[in-house]
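Here the structure is laid out as structure tokens; the discussion comes afterwards.
The chains referred to below are lettered A, B, ... by the order of the sequence lines, with proteins before strands, and numbering in each begins at 1. Just so you know, these numbers use all the heavy atoms, side chains as well, and skip hydrogens, waters and symmetry mates. Only a predicted model underlies this, so the values are computations on that prediction, with no experimental measurement involved.
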Amino acid sequence: MLHEYKRKRNFANKGKKAAFPKPFAPMLAKLVKTPFTKPDWIFEPKLDGIRALSYIQNGKANMLSRRGLNLNHRYPAINQELADMDERLILDGEIVALDAEGKPSFQLLQQHDELSATAAKKVQIIYYVFDILYYKDRDLRGLSLNDRQNVLRHVLSSGESVKVVESLNCDGKQAFQICLDKGLEGIVAKYAQGIYEPGRRSENWLKVKVTQSAEFIICGYNPGTGSRKSTFGSLLLGYYDNSGELIYAGNVGTGFNAQLLAKLKKLMKPLERKTSPFKEKVPNGRLVTWLTPELVAEIKYAEITQDKKLRVPVFMRLREDIDLHQTGPTPVVKAVPATVAQSIEEPKTDELIRTHLLDQSENVNLLVAGNSIKITNLDKILWPGNTKTGPLTKRDYLLYLLDMAPILLPHLKDRPITLIRYPSGLSGQRFFQKHWNQNRPSFVDTVEYYSEHNDTDEEYLICNNLSTLLWFGQMSSLELHTAHSRVNPEPDLNHPDFIVFDLDPYVYSGKEAKGAEPELNSKGFAKVKKVAFWLKEVLDQIGIKSYLKTSGRTGLHIYIPIVRNVEYERIRAVARILGEYLVSAHGADITVEWAVSKRTGKIFFDYNMNARGKTLACPYSPRSTAEACVSAPIEWSELSDIYPDDFTITNMFERIAEKGDLWSDILDNKNDLHVLLSSKKMNILNLVPKKT
DNA sequence: GAAAGAT
DNA sequence: ATCTTTCAACGCCGA
DNA sequence: TCGGCG
Ligand SMILES: [Mn+2]
Ligand SMILES: [Mn+2]
């Protein structure tokens, strides 16, 4: 709908008085990797359709695509509405088809183009206008975007098929998050003071895409098999580089439905030829049916590989509005403009993540520190919980991780990690995971070291940031087990930060299936408390400060922080001597026996976890118990009064809010084992009877 | 749960 | 597009 | 060296 623009003083006479311009190319946006926030920038949703400039005068409208294709007849309703404005105008916008949910869908737009006039009426096609470049007798291209948008909003209001794009009224990161959630292609950031630069890919317009896509030329196809035997298996893609040479960009074999396969086959038939259009030799070119390079397709892809091929390409659609020489991968601007570096606030991004996790949708894309993390099945039940908590879902778990991250991450930092994954929840299959040899998200740190097991170097996962932590949560890693040594700082992974004691009750409840591990029971836990106090007694005598936590399952973990000047083997030997000493004093209640059958009724004093590559549930890790108990740091003075299921993912955060992290200073209170071993204080251990 | 393969 | 399949640790103990 | 073990 058109309005008379009355506030002449400010804007209407601001543009340059000029004759109605000849058609020009639209201003284009450069691609950047990460969303940003910066004053003086405006953020709009990136709409996925056909870009169109509309030239309106004398009661007629001319809609032209990027390539200059006339779109008037394809979109008659829009054309009519523009013509009815009966004003001299040039508008810039995107023609979009909306699906049932009101989401732009280029697939729908494409289908619409092929439908009969009557059938086409059922699809909602909208022209979203985001810029005005000429009004009455003025050329507005020299005005700032701010001024142009002021004119646009006064002149146009949204009608039936022509609507004005609303800027996203928030910062760039929020805008990007909103687009992720709504399934939009991305955002366009526009500098408010920038002029309109026809035909230029300007720094003043920056697009941030969820995934990248670009146009490529179909240059041949490989034969298909099975259901694809009658059409084709994959398409060979190419593009023209700056010197005009046709470059091979790899093959695309997914993204087609039966209808599209048939249509492409038909379109390709008349273009078939004997010779390759490429100058370069294409690998496995024997079976290829070559084509004269004429068909342009939009291809979505993850990235461009070193050898300039598309990685994970997916066919999106044919693009007849793109010129053959406008093809090829979209160059990515290395960084956002320098001024953006002074970006103001990094405000409450945690709060933003929280709101998205609390959103009722089952799947979301979280934006965490500039990383997009795909989260699925938020309502999947991971732990059955109890009558008080109800079932605990992935949503609950991710919220726990988000809340606990400031406390949890320092305990994970630089430590190789073992994930215990339960993709189908606690009752499903379980497996351990230390590596991720597929394509790893860029935010995940790893360390490479020699694995005796595989007799080669392997890459091990490390959790050094919130993105990684939430990614682990997404993958239903119900337990997080960390190594006792760190990658950083010096010296290395062979020198642990702790001597660890893993106390496991082998006191059976009687309800276990035969051969099963003992379940949590009060007798067993009472006994493990007793043993822990005996151990503390010895450590106190030597003058060693120790840290205590529940394992979260049935036992207790006791850690002695040490200066990193002793290797695992020595540590293990010391731990063993302590264990054997305790057995000599309390043989009825403590055992170091390896055979399970010999442990019955006793506490297994497991010194053997002191080894590189061995991991234990980290502080605050949930465990595979019905109620999602967590490994909870406790004060020695609390031990008499607690039980493992006092601490779960539903209440740990409250406890932290009250007591803080009882283990936060564990790395600041180290014992020097060298000094201790040479002091008389260790004499107590000489009481250990020598084994024969 | 993710990626690759089959139809 | 949808379904199916495969894969996802490791070091020490003691016989 | 290999199955048991956590
Ligand atoms: Mn244990
Ligand atoms: Mn154990």
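Using a 4.0 Å heavy-atom cutoff across all strands shown, A/Asn437 reaches no nucleic acid atom at all. At the heavy-atom level, A/Arg599 lies under 4.0 Å from the strands shown only through sugar-phosphate atoms. A/Lys394 comes within 4.0 angstrom of the backbone, heavy atoms only, and of no base. Here A/Tyr422 lies out of heavy-atom contact (under 4.0 Å) with every strand.
Considering only the side chain of A/Phe432, C/dA9 comes nearest among D/dC5, C/dC13, C/dA9. Among the nucleotides C/dA8, D/dG6, C/dC10, the one closest to the side chain of A/His453 is C/dC10. Of the candidate nucleotides C/dC13, C/dC10, D/dG6, D/dG6 has the atom nearest to the side chain of A/Asp504. Side-chain proximity of A/Val596 to C/dA9, B/dG1, D/dC5: nearest is D/dC5. The side chain of A/Gln474 has B/dA2 as its nearest neighbour among D/dG4, B/dA2, C/dC10. Among C/dG14, C/dC10, C/dA9, the nucleotide with an atom closest to any side-chain atom of A/Asn454 is C/dC10.
Rounded to a whole Å, the NE2 atom of A/His557 is 13 Å from the P atom of D/dG6. A straight line from CZ of A/Arg576 to C1' of C/dC13 spans 9 Å, rounded to a whole angstrom. Distance CD (A/Glu517) to P (D/dC5): 10 Å, rounded to an integer number of Å. Taking atom CD of residue A/Gln429 and atom C1' of nucleotide B/dG1, one finds them 13 Å apart after rounding to whole Å. Between A/Lys434 atom NZ and C/dG11 atom C1' there is a gap of 8 Å when expressed in whole angstrom units. Counting to the nearest Å, the C1' atom of C/dC12 and the CZ atom of A/Arg572 are 7 Å from each other. Residue A/Glu593 contributes atom CD, which lies 13 Å from atom P of D/dG6 at whole-angstrom precision. The CZ atom of A/Phe431 sits 16 Å away from the P atom of C/dT6 (whole-angstrom rounding).
Ring pair A/His411/A/Tyr620 is tilted by interplanar angle, where 30° to 60° counts as tilted. Between A/Phe605 and A/Phe501, the ring planes lie tilted relative to each other; the angle falls in the 30° to 60° range. Relative orientation of the A/Tyr508 and A/Tyr506 rings is perpendicular, given thresholds of 30° and 60° on the angle between their planes.
Look at the C1' atom in both B/dA3 and C/dC10: the space between them is 25 Å, to the nearest Å. Between B/dA4 and C/dA9, the distance separating the two C1' atoms is 23 Å to the nearest Å.
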TODO: Check the pair A/Lys434, A/Glu458 against salt bridge (Lys or Arg N to Asp or Glu O under 4.0 Å), reporting the backbone distance first and the verdict last.
DONE: CA-CA 10 Å; A/Lys434 292 187 168 198; A/Glu458 295 282 359; over 6 Å; no

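Every residue two or more places apart in sequence or in another chain was checked for a salt bridge (Lys or Arg N to Asp or Glu O under 4.0 Å) with A/Glu627, and none qualifies.
Using a 3.5 Å distance cut-off with no hydrogens or angles, the side chains of A/Thr376 and A/Gln474 do pair a donor with an acceptor. Judged purely by distance below 3.5 Å, without hydrogens or angles, the side chains of A/Asp502 and A/Tyr607 never pair a donor atom with an acceptor atom. A/Tyr248 and A/Asn251 share a donor-acceptor pair across their side chains, judged by distance under 3.5 Å alone. Using modelled atom types and a 3.5 Å distance limit, the side chains of A/Asn222 and A/Ser234 yield a donor-acceptor pair.
In this structure, A/Phe232 has its ring center under 6.0 Å from that of A/Phe256.
Side-chain N/O atoms of A/Gln438 include none lying less than 4.0 angstrom from OP1 or OP2 on B/dA4. Contact annotation: A/Asn439 does not reach the phosphate of B/dA3 (side-chain N/O to OP1 or OP2, under 4.0 Å). Not one side-chain nitrogen or oxygen of A/Tyr460 sits closer than 4.0 Å to the OP1 or OP2 atom of C/dA9.
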Protein N or O to nucleotides 2-4 of chain C N or O, pairs below 3.5 Å:
none

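Applying a 4.0 Å cut-off to non-hydrogen atoms, the residues of residues 604-633 of chain A that approach DNA chain D are A/Asp606, A/Lys614, listed by residue number.
A salt bridge links A/Arg317 to A/Glu298: one of the charged nitrogens lies within less than 4.0 Å of a carboxylate oxygen.
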